[in-house]
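In what follows, a single structure is set out as structure tokens and then discussed.
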Amino acid sequence: MAKQTKKKKYRGFWIFFKLQLLLLLVIAGAAAYYFGGGYARTVAHLKEDADSLVARSSKNLFRKGETGLVYDEKGNLLKAYKGEKDSYYIEYENIPDIVIKTFIAVEDRQFLKHNGVDYRAIARAVFAMIQNGEVTQGGSTITQQLARTVFLNTERTWQRKMEEIFIARNLEDKYTKSQIMEFYLNNIYFGHGYYGIQAAARGYFSKNIDELDLSQVVFLCAIPNNPTLYDPVKNKKNTLSRRNRMLTSMYEQGCISLSASKDAKEERIKLKRSKGTRKIDYVETYVNYCAVRALMKTQGFQFQHYFDDEKQEKEYEKEYRLAYTECESSLYTNGYRIYTSINMNHQEALQDAIDVGLGGFQDLSEEGVYKLQGAGVTIDNATGYVTAVVGGRTQDFEGYTFNRAYQSYRQPGSAIKPLLVYTPMLERGYTPNTVVVDEPIEDGPSNADGVYEGEITLRHAVKRSKNTIAWKLFDELTPLTGLDYLKAMNFTKIDAEDERLPSALGGFTIGVSPLEMAAGYAALQNDGCYREPTCIIKIEDTQGNLIYTSETEAEKSQKKSKNQKADGTRIYKSNAARTMTDLLQTVMTEGTGRGLGLGDMPSAGKTGTTNENKDGWFVGYTRHYTTSVWVGYDQPAQLPGLTGSTYPGNIWHNYMLSIHEGKTPMSFIPYIEQKEVEDDFAE
């Protein structure tokens, strides 16, 4: 028995010894990897940079931001992104104590104790990084957040995280806790161009921060965690929900009483935007959107529209909001020079055409917004850039403007047929002269005019917008195949439920935007090649260094001819796209778009009308420009007399006539009869 006990002791000793030896080998290996792999040098350089940045800093650094400038296609100034840090900077002694308590309670409970870094939180973030292969969670203290906001870019790498830590440690050595809190509360972003708690109080409530009550203060403090998700103008319910969670946490930590927490949760928050807040128009909202996404691309963000499961989608949305918020905030402080393709002559002409075309409808919603609305987008076919974007009728509103041109998704009706049904079928052997049978379909759609003509050509079916033919062809093509064309052109709201035959007629679960429709039709004109719509040509920093460019000058100015390949992503075969254009010319001369042509200027287009006349579309193009127009109610409702050829068609016609004035008529590139098509041309 004694021998067995002795053997167990020896066995235990050797196991312990081997484990210790293994641990030493792991540590030695990690050290060798750290120093031999160059990581030690990298970390040393990061520390040197951090030391230098903080050493050269002063209080003034935390007060001012560079003014960014936006230019139109002619180089005229469109807008200045001017930070308001100087105007609304608030000293520590003037910051209400409840503001400080709130941020400590919800952002950094150890703020008054740590030296700039919460190592337990960092350990959790590092562990998550090892698991996911990238930095996926913060673990950042208030000091680290300040370091990131003022000194660093939006990259999410281990190098940036290390530099953030070094900067935070240096900030704690150089400045007091009160100063760090003051800097933090004056530099964090509250959305809509507001930097700092005082600017946010003035912007959202038209009051100074010390005039707000507990509920209003915590409501504001809920925003910076994610200014997009908790946007109090667009996502007020989200902001209120986070306010309530924060109030609960503050009560649990003893910051406020139970009755104070309850009363604050029950208080109704009513925003009162500052009278000094200027109107944000349709151009500005779209430029902001495109500029932020361009900056996200420079940071390596990979955009995605469709997902394998709900979990993947939620993770993506979280990463998207974080990246979007960080890049959006940089617009107001980094002094970018943003060069756009916006043509203000086009912009004003399209706005006027929509305002005049819908001028007879003056009914207002409870919010004072015109009930009947319209939106439109124009793309320059030579470059693929957006030149005009109108998201609604002109009204005198302060602050945020809902831009229906890219933020609203509606049923497209028959306007979707060329993209979803006809051009794909032209790729598969159909021609304008292919005979199809127009007849009633059991459990299928009826034609808008109630007429069935028997054997007709495909050209006739397109010009008369025959629902029966589109339905049959879509069935032959299969919905899954047809929808893949739209997904390839970044139509972002295609739902799994859309894999059904009614989609052939534009009967989608969610819908499409005017921007998506314009880009899709522009691909037809561009020989079947899709170019992602944007108005951002390039972005430079304050020193003139190029930060982002969408394409080269040579690509922008390229003039396509029959023998030149178009730029962009190939969606349709060239000859199929050219054939579709020819069919859409017939729509303008003999079909549902008759009377909407542009005189000597060749044009192609398609009408779209949904059931019960709730949405009307006209999308058309020349060799010069593509324009889509939508008309309908924000809350879908019937409008007697609304079809694609009435209000939308007239708006399109009047606007396109104006912007083509003085332009040389250009014929479309003719298609080649199917039997003559060469394989290399069709690819």
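Because the structure is a prediction, the values reported are computed rather than measured.
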Applying side-chain hydrogen bond (donor to acceptor under 3.5 Å, both in side chains) to Tyr320 and Arg293, what does each step give before you reach the verdict? CA-CA 10 Å; Tyr320 179 91; Arg293 287 174 64 90; 3.3 Å; yes
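Formation of a donor-acceptor pair under 3.5 Å by the Gln351 side chain with backbone atoms of Gly392 is found in this model. A donor-acceptor contact shorter than 3.5 Å links the side chain of Gln347 to the backbone of Val389. Of the possible donor and acceptor atoms, one in the side chain of Ser628 sits under 3.5 Å from a partner among the backbone N and O of Pro514. Between the side chain of Lys472 and the backbone N or O of Ile441, no donor-acceptor pair lies under 3.5 Å. A donor-acceptor pair under 3.5 Å links the side-chain atoms of His660 to the main chain of Met656, judged by distance alone. At distances below 3.5 Å, not a single donor-acceptor pair connects side-chain atoms of Glu328 with backbone N or O atoms of Tyr324.
Looking at heavy atoms from C-beta onward, Cys535 lies in side-chain contact with Val287 at the 4.5 angstrom threshold.
A cation-pi arrangement, defined by a distance under 6.0 Å to the six-membered ring centre and an angle within 45 degrees of its axis, is present between Lys538 and Tyr339.
Within 6.0 Å of the CZ atom in Arg464, the count of heavy atoms belonging to other residues, nucleotides or ligands does not exceed 12. Annotation: Gln362, atom CD; neighbour count of heavy atoms from other residues, nucleotides and ligands within 6.0 Å is above 12.
Scanning for salt bridge (charged side-chain N to carboxylate O under 4.0 Å, His left out) contacts around Asp72 gives an empty result, with sequence neighbours left out. Residues satisfying the salt bridge (charged side-chain N to carboxylate O under 4.0 Å, His left out) criterion with Lys371, sequence neighbours excluded, are absent altogether.
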Check residues 451-459 and write down every donor-acceptor pair under 3.5 Å in which the side-chain atom is one partner and the other belongs to a residue at least two apart or another chain.
from: Glu453; atom 1: OE1; to: His460; atom 2: NE2; distance (Å): 3.1
from: Glu453; atom 1: OE2; to: His460; atom 2: NE2; distance (Å): 3.1
from: Glu453; atom 1: OE2; to: Lys466; atom 2: NZ; distance (Å): 2.9
from: Thr457; atom 1: OG1; to: His460; atom 2: N; distance (Å): 3.2
from: Arg459; atom 1: NH1; to: Asp582; atom 2: OD2; distance (Å): 2.9
from: Arg459; atom 1: NH1; to: Thr586; atom 2: OG1; distance (Å): 2.7
from: Arg459; atom 1: NH2; to: Asp582; atom 2: OD2; distance (Å): 2.6

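Each of Thr387, Thr627, Asp380 was scored for a side chain to side chain donor-acceptor pair (under 3.5 Å) with His346, with one residue passing: Thr387. With Phe618 as the partner, the ring-ring contact (aromatic ring centres under 6.0 Å, His included) test is satisfied by one option alone out of Tyr647, Trp652, Trp630: Trp652.
Checked against the 6.0 Å centroid threshold, Phe301 and Tyr316 count as a close aromatic pair. Checked against a 6.0 Å centroid threshold, the rings of Tyr370 and Phe361 do not count as neighbours. Between Tyr422 and Tyr572, the distance from one ring center to the other does not fall under 6.0 angstrom.
The salt bridge (Lys or Arg N to Asp or Glu O under 4.0 Å) contacts involving residues 587-604 comprise Lys463-Glu590, where partners must be two or more places apart or lie in separate chains. For residues 634-646, the pairs satisfying salt bridge (Lys or Arg N to Asp or Glu O under 4.0 Å) are Arg404-Asp634, with sequence neighbours left out. Listed by first then second residue, pairs satisfying salt bridge (Lys or Arg N to Asp or Glu O under 4.0 Å) with a partner in residues 485-501 number zero, not counting sequence neighbours.
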